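A short worksheet on the structure shown next.
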Amino acid sequence: MITGILTGFGILLFAFVWQTSLDGINRKIVGRFQKRIGPKWYQQFRDIFKALSKTGVTHGWVFDFGVMMALGGIMATVMFLPVVGYSAFPGMDNFFIFVYLLAVGMLGMAMSSVGSGNPLAGIGVMRALTQMVGYEVPFMIVILGIIFGHNTSSLSELAAIQQASGIMTWNLVKMPIGTVVAYISLLGMLGKKPFETFIAPAEIASGPMVEYGGKQLGMLMIMHEFATFIEVTLFVTLFLGGATTLFGFIAKYFVVYILASLISNALARFKIDQVIKFYYKVPITLAIVQALMVVFLGWGV
Amino acid sequence: MDNTVEKQENIRKGWDGISRFFRANSIWMLMYCTGCCAIELPQAMTSRYDMERLGMGPMATPRQADVLLITGYLSLKTLRRIIYAYEQMSTPKYLVAFGPCTLNGGIYYDSHAVINRLDQYLPIDVYIAGCMPKPEAVMNGFNDLIGMIKRKEANGWKKYEQNKDWYRKNQIQALGELRIKDEFHE
Ligand code: SF4
C-alpha cells in the first residue's frame, strides 16, 4: 500500500521533471533548427514557476474548479501508468482505463475554458473535440487490432509480449502500417503542427487558453506536460516494446517526442475541416487494412 | 513574538527573491504594434538577435503576458484598447515604450487624434530610444528591463495601483468615458 503510493508519486515526479526538461531541450533543438541559439534547457521550468508566482484572475467558480479537475484528473491518470516496470497499481493498467481517465482531465479543461465565457475559448474547445473525433477512430482501430492479436489489453503484458525477443517482436516491426497510423494520431493528440487547429495562436489567440493568466495558466502548463507524458508513454509502450531500463525508456521517448516536434516545425497548419477529411481518408483506410491483416490473415501476431 | 514576525518577513523576502528570479528570466510579451517601430521586433525575435535566449517570447493574449510593448504613436482609439489590455494583464506587469513618439507624439504631435505623452495615462517601465530603435537598442532595452526586475525597480504596476485616481482622471479627460469590466459576465 505504502510502496504503491510512493511509487505513484515517484512516477509523477519523474514524469514532470523529465517531460519539462525535454520540452526545454526541444525548444533548444527547434532553435537550432531555425538557426537560433535557443533558450536554456530549463527554460520550461522557469516559465511554469513564473506563471505560478503571478496573480490570477477568476471568471467564476466553474473556471477555477475546471482547472483543478483538469490537473487532478491528469495526475490520477499518470499514476496508473506502468513506467519501466514500476506501477503504483499493479494489474490495473488496462488500456481502457487510460482512455476514460484521460477524458476526465480533458473535460475539466473544456469546462473551465468555456466557463470563462470567451467566444475564442468556445471555438478552441469545439475544434479540440472535433479533432478528437478525427484521430480517435483510426487510433482505436489499430489498438483494437493489437489487443485482438495479443489477446490482452494490459499495458505491461503487451510490453512483456513485445520484449520477448528483441526488436523483432516490437509492434513497430510487426505492424508497421498500424504504427504509422498511430503516430499520425499521436501528432493530433499532442496538438503538433499539421493538427494544431485548437491552439492556433495567430488565428484564435491560443483557443482554450485564451483567458488564463498567472496561477491557472501555470497549472494548465503542468497539466499539459503530464498529458504529453501519458500520450508519448502509451505510444512507446504499445509500439516500441516499452522498456526494461530507465535509459531505454528515455531514449525511445526522446526519439518519439523530438521527431514529432521536428515534423511540427517543418509543416504548416491544417484547417479543422481539412484535419477531419485527412483523418477519415488516409489514416482510417490504413488502419482498416492493418486490422484486416491482423484479424483475417493473422499477420503481426 | 518578534521572532515569528521576523521569520515571516524573512520567508516573504526569500520567496520574493525566488519569484523575481523566475520573472526576470521568463518574460512573455504582448505586442501592441501601433506605429512603425514595430517593424524592428521581427529582427529582434528571429535568428539574428534571438530574443528567446533571454527567455522572452510572444504570447497571444493580455491575460498570459507579462510585458506590454507599445511601439510608437498612439491615437485615442488605440489608447482606449491599450488601457483595456493593460487592465486585463495579471500582476506583476511591465510596460515598454518604443521611440520618441510615446514621449512627445512624434510626427503627429499636433494632431487632435494622437496623444503626446503616454506616461500621463499608463506607467512606463522602460523607454527604448531611436526612431525607429535598431534591434540592438531593442535588445538593450529588454536587458535593462530584466535588470530592473532583478533589482526590484520595475514597479510601474505598483505606481499605477497607488495613483489610480490620477491616471484615471487623465484617461477620462482624453477619452470621455472608460468602461473597464469583465465583458463576458454581465
Ligand atoms: S518613433 Fe519613429 S519609428 Fe517609432 S512610431 Fe514614431 S515615427 Fe515611427
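All figures in this text were calculated on a predicted structure; none of them were measured in a lab. Below, read A as the first sequence line, B as the second, and so on, with proteins coming before strands; counting in each chain starts at 1. Any value given below was found using the heavy atoms of this structure, including those in side chains, with hydrogens, waters and symmetry copies removed.
- Aromatic pair Tyr212(A)/Phe63(A): ring centres closer than 6.0 Å.
- Only the backbone of Ala65(B) has a heavy atom closer than 4.5 Å to any heavy atom of chain A.
- Of the two parts of Ile37(A), the backbone and the side chain both hold a non-hydrogen atom closer than 4.5 Å to a non-hydrogen atom of chain B.
- Heavy-atom distances place both the backbone and the side chain of Val210(A) under 4.5 Å from chain B.
- Ring centroids of Phe22(B) and Phe45(A) are separated by 6.0 Å or more, keeping the two rings apart.
- Across Thr197(A) and Ile204(A), no two heavy atoms sit closer than the pair O-CD1, 4.0 Å.
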Report task. Evaluate the criterion salt bridge (Lys or Arg N to Asp or Glu O under 4.0 Å) for residue pair Arg12(B) and Glu9(B); output intermediate values, then yes/no. Result -> CA-CA 5 Å; Arg12(B) 204 187 56 76; Glu9(B) 189 66 7; 3.3 Å; yes

Query - side-chain contact (heavy atoms from CB on, under 4.5 Å) between Leu54(B) and Ile27(B), intermediate numbers included - result: CA-CA 8 Å; Leu54(B) 304 181; Ile27(B) 298 181; over 6 Å; no

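- Neither the backbone nor the side chain of Tyr49(B) comes within less than 4.5 Å of any heavy atom in chain A.
- Proximity to chain A (any heavy atom under 4.5 Å) is restricted, for Thr61(B), to the side chain, taken from C-beta onward.
- Using a 4.5 Å cut-off between heavy atoms, Gln43(A) contacts chain B through its side chain alone, with no backbone atom that close.
- Contacts with chain B were tallied for Met209(A), Arg46(A), Lys40(A), Lys35(A); Arg46(A) has the most, counting heavy-atom pairs under 4.5 Å.
- By number of non-hydrogen pairs under 4.5 angstrom with chain B, the leading residue of Ala202(A), Ser206(A), Gly31(A) is Ser206(A).
- A donor-acceptor pair under 3.5 Å is absent between the side-chain atoms of Arg63(B) and the main chain of Ser90(B), judged by distance alone.
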